[in-house]
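Heads up, the thing below is written out as structure tokens.
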Amino acid sequence: RSLLGSQADGENAAKDTAAYRALNVLVIHDVFPHFKNSRLNLRLMQILRVLRAKGHAVAFVARESRNRKPYEPALLGLGIETYDSDKERLSCLGAETDPDSAWSLRQILAEKKFDLAILSQNFSRGISISEQYLDDVRRDSPSTRIVVLLDDLQSNLLIRCAEASSQLINLEIAQDWAQRERESSDRADAVIVACESDATTLLNSGHKLEVVVAPLACEPFTSPKPWDSRRGIFYAGNFEHDGHREGFTWFLEQVWPKLIARSGEMELFVAGENIPPGFEKQWPWVKWLSGRDLAELMENARVFVLPQHLSVRCHSILTMLVNGLPGVTTAAAAEATGLSGGSGIRTASSPNEFAAAVLEIYEDRQLWGELRQKGQTLVATQFSSKALANQLAKALARIANLVPKPLDPESCSVMRVERLFSERLSQRTGEQRTVGQLECYVRLAEQLLRDKKADKAREQLRHALSRLKGNVTRGQFLA
């Protein structure tokens, strides 16, 4: 059941408001939120600001302390109590710890008696926060409601990329992430997602879930310029991601020739990160603008394009719309983000359709103005800071009245080896701890196969593949 849908009901919204009370909230994340250069961390920081503005007490745990100096002051300035460098759990990751760190999660839970714990989930460090902390919070603070905070459903993005590349290992890792996202969602009392399409995916999974949609709030940062003061097509992307490389190449090879056949003076401005070697030589006529001010580029362009079929994130489109820049996306991008063709964008599937949509907006001043207004109105009503604050306030009031789930007697799948092989693993540190975990995933899979539990064995082998990718040096065990 989506809590966002419940908020639309006036009677329930009134009850939510009546039930409002200040909460004692624990938030746990990998690091201090580096909101200046990360969309995920900016969204987390926005949520923290809303919690404090609504009068909730907040304690923040950063599993690692590596970015404490530049980013802890922002939390302290909000009146948030901070803890960092969790020795007990960092040892499981083979990571270094701060020798001066003397706190423990069990102690904090006993002293603070939290009403709510928000645990982030992403797989950048191999084992996510929710997988490491959820069971411990359940055990040591059974009255605390637990919410898992998702950015994007990472498995959806990786599955699309894996299917396009036909690389079996990527598909297996995507299936691993999908299983772990479902598992954490099932074990939590509620889940916070960034967009409606992710909420729909979770709600259609066949599991009974409480889902809150809390997108990254978007505010304009460019000055408005009229149609006739703008020129060119604008594209922004991080080419480190398969979806950006795929979509950009498709656009240049299939769509761009149709555009310049109609208007030979049209220009393409690209604000790209991690541009692959050879791209700039292959397409020398593209205006490559790495390192330039994004606001300046956006306020001078007339139309943006988002030609990806894979790895689409809603915020990429919303940033353009809130700053008054209409554009064209693929139908796959519109579907993935939950936006429709009437929300400041036009959608197209084939190269001919895409080129025609770009030209129509580019050349029609009236249409350009109508789409610009629709996009800005959409963001102001659904994706502004005020909208985020209202959605979270009502959702948290409902979550506070949920009955917490009991502790699951079985550890979450990726952490099972830590319990079953604790003596073996506790003797290892650093990279050897990770190698030891890989060995134990395989040993556990072998045991599960002997017990005729093939699906569970496959889960453990997928954990090994997911942990292995790019994380450890090849050696005797890893040929």
Side-chain angles (χ1 to χ4, degrees), residues 3-4 7 16-17 19-33 35 40-63 71-72 74-84 86 89 103-122 128-130 132-151 184-185 187-194 210-217 385 388-405:
L3 295 185
L4 183 61
Q7 292 168 21
D16 290 345
T17 303
Y20 172 81
R21 62 184 176 88
L23 303 174
N24 194 15
V25 183
L26 171 67
V27 179
I28 308 180
H29 187 51
D30 298 276
V31 294
F32 288 97
F35 52 88
L40 165 64
N41 286 272
L42 174 59
R43 177 166 166 258
L44 175 58
M45 192 67 186
Q46 290 176 347
I47 291 173
L48 291 170
R49 289 191 180 111
V50 170
L51 290 173
R52 291 298 296 130
K54 296 296 182 181
H56 303 300
V58 180
F60 184 89
V61 170
R63 181 168 59 179
Y71 289 104
E72 185 185 35
L75 300 188
L76 297 177
L78 292 173
I80 295 175
E81 190 174 3
T82 64
Y83 304 86
D84 62 86
D86 188 337
R89 289 161 187 84
W103 62 274
S104 73
L105 178 66
R106 178 170 293 181
Q107 177 185 4
I108 295 173
L109 292 172
E111 292 177 355
K112 302 294 184 180
K113 303 187 184 307
F114 295 103
D115 300 294
L116 179 70
I118 299 176
L119 313 180
S120 69
Q121 182 173 49
N122 69 82
S128 70
I129 293 295
S130 60
Q132 264 203 312
Y133 286 82
L134 192 150
D135 286 347
D136 292 335
V137 175
R138 281 268 187 256
R139 182 188 61 246
D140 296 327
S141 186
S143 63
T144 300
R145 289 87 177 163
I146 298 177
V147 178
V148 170
L149 174 64
L150 294 170
D151 183 29
S184 292
S185 299
R187 296 164 83 95
D189 299 304
V191 183
I192 298 177
V193 296
E210 299 283 358
V211 182
V212 178
V213 180
L216 174 65
S385 298
L388 172 64
N390 290 337
Q391 288 174 207
L392 275 179
K394 294 173 183 176
L396 291 177
R398 291 180 61 84
I399 292 172
N401 291 320
L402 296 175
V403 176
K405 294 178 181 178

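Numbering of residues begins at 1 and proceeds along the displayed sequence.
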CZ on Phe114 to CZ on Arg145, rounded to 0.5 Å: 14.0 Å

Side-chain donor or acceptor of Arg187 paired with backbone N/O of Ser130 under 3.5 Å: no

Passing option when Arg52 is tested against Val58, Val25, Leu75 for side chain to side chain contact (heavy atoms under 4.5 Å, CB included): Val58

Give a yes or no answer on whether the side chain of Trp103 reaches the backbone of Asp84 with a donor-acceptor pair at less than 3.5 Å. yes

Short N-O contact, Arg63 and Asp30, less than 4.0 angstrom: yes

Nearest heavy-atom pair of Ala217 and Leu388: which atoms, and what distance? CB-CD2, 4.1 Å

Can you tell if the side chain of Gln107 reaches within under 4.5 Å of the side chain of Glu111, non-hydrogen atoms only? yes

Within 45° cone of Phe35 ring axis and under 6.0 Å: Arg49 NZ or CZ: yes

Nearest non-hydrogen partners of Leu48 and Pro33, listed with the distance: CD1-CG, 4.1 Å

Working to the nearest 0.5 angstrom, can you tell me the gap between Tyr83 OH and Ser104 OG? 10.0 Å

Start with the C-alpha gap between Leu134 and Gln121, add the side-chain angles, then the distance that decides, and say whether side-chain contact (heavy atoms from CB on, under 4.5 Å) holds. CA-CA 11 Å; Leu134 192 150; Gln121 182 173 49; over 6 Å; no

For the side chain of Glu210 and the backbone of Ile399, is there at least one donor-acceptor N/O pair under 3.5 Å apart? no

With Leu40, which of Leu150, Leu216, Asn122, Leu149 fulfils side chain to side chain contact (heavy atoms under 4.5 Å, CB included)? Asn122

With the side chain counted from C-beta on, respond yes when Leu119 and Ile146 share a heavy-atom pair under 4.5 Å apart, and no when they do not. yes

Nearest heavy-atom pair of Thr144 and Ala117: which atoms, and what distance? CG2-N, 3.6 Å

Please determine if Lys405 and Asp189 form a salt bridge, counting it only when a charged side-chain N lies under 4.0 Å from a carboxylate O. no

Return yes if some donor-acceptor pair links the side-chain N/O of His56 with the main-chain N/O of Leu23 below 3.5 Å, else return no. yes

Do you know the tightest heavy-atom contact between Pro215 and Gln391? CD-NE2, 3.6 Å

Between Ile80 and Leu76, the two heavy atoms sitting closest are O-CD2, 3.6 Å

Lys/Arg N to Asp/Glu carboxylate O, Asp135 vs Arg138, below 4.0 Å: no

Evaluate Phe60 against Leu44 for side-chain contact (heavy atoms from CB on, under 4.5 Å), listing each step before the verdict. CA-CA 11 Å; Phe60 184 89; Leu44 175 58; 4.1 Å; yes

Mark yes or no for whether Glu72, through its side chain, and Phe32, through its backbone, hold a donor-acceptor pair below 3.5 Å. no

Assess whether a salt bridge exists between Glu81 and Lys112, defined as any Lys/Arg side-chain N lying under 4.0 Å from an Asp/Glu carboxylate O. yes

Would Asp115 and Arg21 count as a side-chain contact (heavy atoms from CB on, under 4.5 Å) here? Give the steps. CA-CA 11 Å; Asp115 300 294; Arg21 62 184 176 88; 3.6 Å; yes

Spatial distance of atom CD1 (Ile47) from atom CG (Leu42) [nearest 0.5 Å]: 10.0 Å

Can you tell me if Arg106 has over 12 outside heavy atoms packed within less than 6.0 Å of its CZ? no

Mind checking whether Val212 and Leu396 have side chains closer than 4.5 Å, heavy atoms only? no

Does one side chain, of Asn41 or His29, offer a donor that lies under 3.5 Å from an acceptor on the other? yes

Determine whether Val147 and Val191 make a side-chain contact, defined as any pair of heavy atoms from C-beta on separated by less than 4.5 Å. no

Thr82 vs Val61, side-chain contact (heavy atoms from CB on, under 4.5 Å): CA-CA, chis, key distance, verdict: CA-CA 6 Å; Thr82 64; Val61 170; over 6 Å; no

So, taking the atom named CG in Asp136 and the one named CG in Leu109, what distance separates them when rounded to the nearest 0.5 Å? 8.5 Å

Heavy atoms only: give me the nearest Pro404-Ser143 pair and the separation to one decimal. CG-O, 3.5 Å

I need the Leu105 CG to Ile28 CD1 distance, nearest 0.5 Å. 5.5 Å

